[in-house]
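One structure is given below, encoded as structure tokens.
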Amino acid sequence: MSRIMSGIQPTGSLHIGNYLGALLNWVRLQEEYECYFSIVDLHALTARPEPQELRLAVRELAIGVLASGVDPERAVLFVQSQVPEHSELAWVFSCMTQMGDLNRMTQFKDKSQFQADNINAGLFTYPVLQAADILIYRADRVPVGEDQVQHLELAREIVRRFNGIYGQTFPEPIVVPAKAPRVMGLDGESKMSKSRGNEIGLFEEPEETMKKLRGAKTDPQRLRRNDPGRPEICNVFSYHGYFSDAATCEQIAADCRSASIGCVDCKQSLAGNLEKVKGPIRERAQELRANQGAIDEILNEGGNRARAVAKETMDLVRERVGL
Ligand code: AQP
């Protein structure tokens, strides 16, 4: 049976990009595969969060993942730092990784621009730890958004090098593509991202979402209500594709082209359809927040199950490399 591994950083509140690009896939895959889903708090350290905030973010993220439909009876949900073998394997892998390969990683370039005052080594070697996250479970499939595909290529390269030197040990993991691999941010310029302030939060109240949508860029040529619009290049219309049914999308597109509706009408319709997805998730999250003990139990149990597999892999790696 194929094994799935994927992670998500506790760096801020979940947004619809994470939901469409990762969580929806997780919920689907847990029905078919053995799944390991991790809250990757070691990765979050690269942005140097306040300790207390990091702990809260881990818990809130666990709630968000569960509220989105991940079932701890089917999938193993755990916190990365509770399984020390991730870091141990990352060190072994870092000795297999060439600087030239790391230098090509575009996420490092993006993130270094974004946190120019803290370009730390962890940010640079982030994909090595990510490779260890996957391969400590010898996972062969990884559901991620488009932003992570280059990192997966590097993980495959690391596997080839390791297996070439020490003998067949790890599978070459492949990407399980998301239906929405790159959800754009409200600015329409870069991917939706927790740390860029261009996101629609998964837990947002409808009023807040509508407020953000009001300010969101649409077709720049549509200056007046009577100007015909071009839905095919409109970022807000692209969200309809994720949240509105086919008939609604068709109708909105036609009405936009003929200027029978304005951008505000289009945004209102979107906000209503977004709420149909976000509302139930927000409610489930609220119920989960009321039972923090249960969250701890789920994460502890997930950590125990993850550690058992990780230890097996690390024992094998130690033997192979001569430790
Ligand atoms: N905009 C997006 N469209 C599709 N998928 C996305 N993912 C993130 N943004 C989008 C996918 O969500 C998963 C978890 O990502 P992450 O939180 O670990 O890190 P990230 O990719 O760096 O996400 P953010 O929101 O951009 O976080 P920050 O701002 O903290 O860096 C991954 O599978 C990712 O592909």
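As the structure is a prediction and not an experimental result, all values here were calculated from the model. The figures here come from the full heavy-atom set of this structure, side chains too, leaving out hydrogens, waters and symmetry mates. The residues of the chain are indexed from 1 along the displayed sequence. Every number for a ligand or one of its atoms is a count from 1 in the order of the listing.
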How does A180 reach ligand 1, if at all, at less than 4.0 Å between non-hydrogen atoms: by side chain, backbone, both, or neither? backbone

A cation-pi test, strictly: NZ or CZ of R289 under 6.0 Å from the centre of the six-membered ring of F203 and no more than 45 degrees from its axis. Yes or no? yes

Considering the heavy atoms of G21, write down every atom of ligand 1 situated less than 4.0 Å from one of them. 4 (C), 5 (N)

Please work out whether the ring planes of Y137 and Y36 are parallel, tilted or perpendicular, with thresholds of 30° and 60°. parallel

Within 45 degrees of the axis of the six-membered ring of F114 and under 6.0 Å from its centre: does R196 put its NZ or CZ there? yes

Heavy-atom side-chain proximity of V70 to Q30 below 4.5 angstrom: yes

Determine, stepwise, if the pair R59 / D296 fulfils salt bridge (Lys or Arg N to Asp or Glu O under 4.0 Å). CA-CA 8 Å; R59 187 176 278 264; D296 289 342; 2.7 Å; yes

Among non-hydrogen protein atoms, atom 13 (C) of ligand 1 lies closest to A22 CB, 3.6 Å

Which residue holds the protein heavy atom closest to atom 14 (C) of ligand 1, what is that atom called, and what is the gap in Å? I8 CG1, 3.5 Å

So which heavy atom in the protein is nearest atom 30 (O) of ligand 1, and how far is it from that ligand atom? T11 OG1, 2.7 Å

Protein residue, atom and distance nearest to atom 22 (O) of ligand 1, heavy-atom basis: K111 NZ, 3.2 Å

Using non-hydrogen atoms of the residue, decide whether P181 is closer than 4.0 angstrom to ligand 1. yes

Proximity winner for atom 26 (O) of ligand 1, if only heavy atoms of S193, G145, P10 are counted: S193

Is there a polar contact, in the sense of an N or O pair closer than 3.5 Å, between M192 and ligand 1? yes

Nearest 0.5 Å, please: how far is CE in M192 from OH in Y19? 14.0 Å

If we only consider heavy atoms of L20, is any one of them less than 4.0 Å away from an atom in ligand 1? no

Among all the protein's non-hydrogen atoms, which is closest to atom 3 (N) of ligand 1, and how far away is it? V183 N, 2.8 Å

The protein heavy atom nearest to atom 35 (O) of ligand 1 is D147 OD1, 2.6 Å

Might you work through the salt bridge (Lys or Arg N to Asp or Glu O under 4.0 Å) test for E85 and R307, ending with a clear yes or no? CA-CA 8 Å; E85 285 83 358; R307 266 193 306 276; over 6 Å; no

What I want to check is whether the side chains of T106 and Q150 have a donor and an acceptor closer together than 3.5 Å. yes

List the closest protein heavy-atom neighbour of atom 29 (O) of ligand 1: residue, atom name, distance to the nearest 0.1 Å. S195 OG, 2.4 Å

Using the rule given for salt bridge (Lys or Arg N to Asp or Glu O under 4.0 Å), can you reason through R74 versus E31, listing the C-alpha separation, both sets of side-chain angles and the distance that settles it, and then say yes or no? CA-CA 7 Å; R74 290 171 199 266; E31 302 294 331; 3.0 Å; yes

Could you tell me whether Q9 and ligand 1 have an N or O pair separated by under 3.5 Å? yes

At what distance is the nearest protein heavy atom to atom 23 (O) of ligand 1, and which residue and atom is it? K191 NZ, 3.5 Å

Distance-only N or O hit between ligand 1 and Q107, under 3.5 Å: no

With the side chain counted from C-beta on, respond yes when T169 and F162 share a heavy-atom pair under 4.5 Å apart, and no when they do not. yes

Going by distance alone, is a donor N or O of one side chain under 3.5 Å from an acceptor N or O of the other, for D133 and Q80? yes

Please check whether N18 reaches ligand 1 - meaning an N/O of the residue sits under 3.5 Å from an N/O of the ligand, judged on distance alone. yes

Pick one of side chain, backbone, both or neither for how S6 approaches ligand 1, counting any non-hydrogen atom pair under 4.0 Å. neither

At under 4.0 Å between heavy atoms, is it the side chain or the backbone of H15 that contacts ligand 1, or both, or neither? side chain

Give yes if a backbone or side-chain nitrogen or oxygen of E146 is under 3.5 Å from a nitrogen or oxygen of ligand 1, and no if not. no

Are there over 12 heavy-atom neighbours, none belonging to E50, within less than 6.0 Å of that residue's CD? no

Tell me whether V236 is reachable from L223 by hopping between hydrophobic residues (I, L, V, M, F, W, Y) whose side-chain heavy atoms are closer than 4.5 Å. no

Which atoms of ligand 1 are found less than 4.0 Å from any heavy atom of Q148? 21 (O), 35 (O)

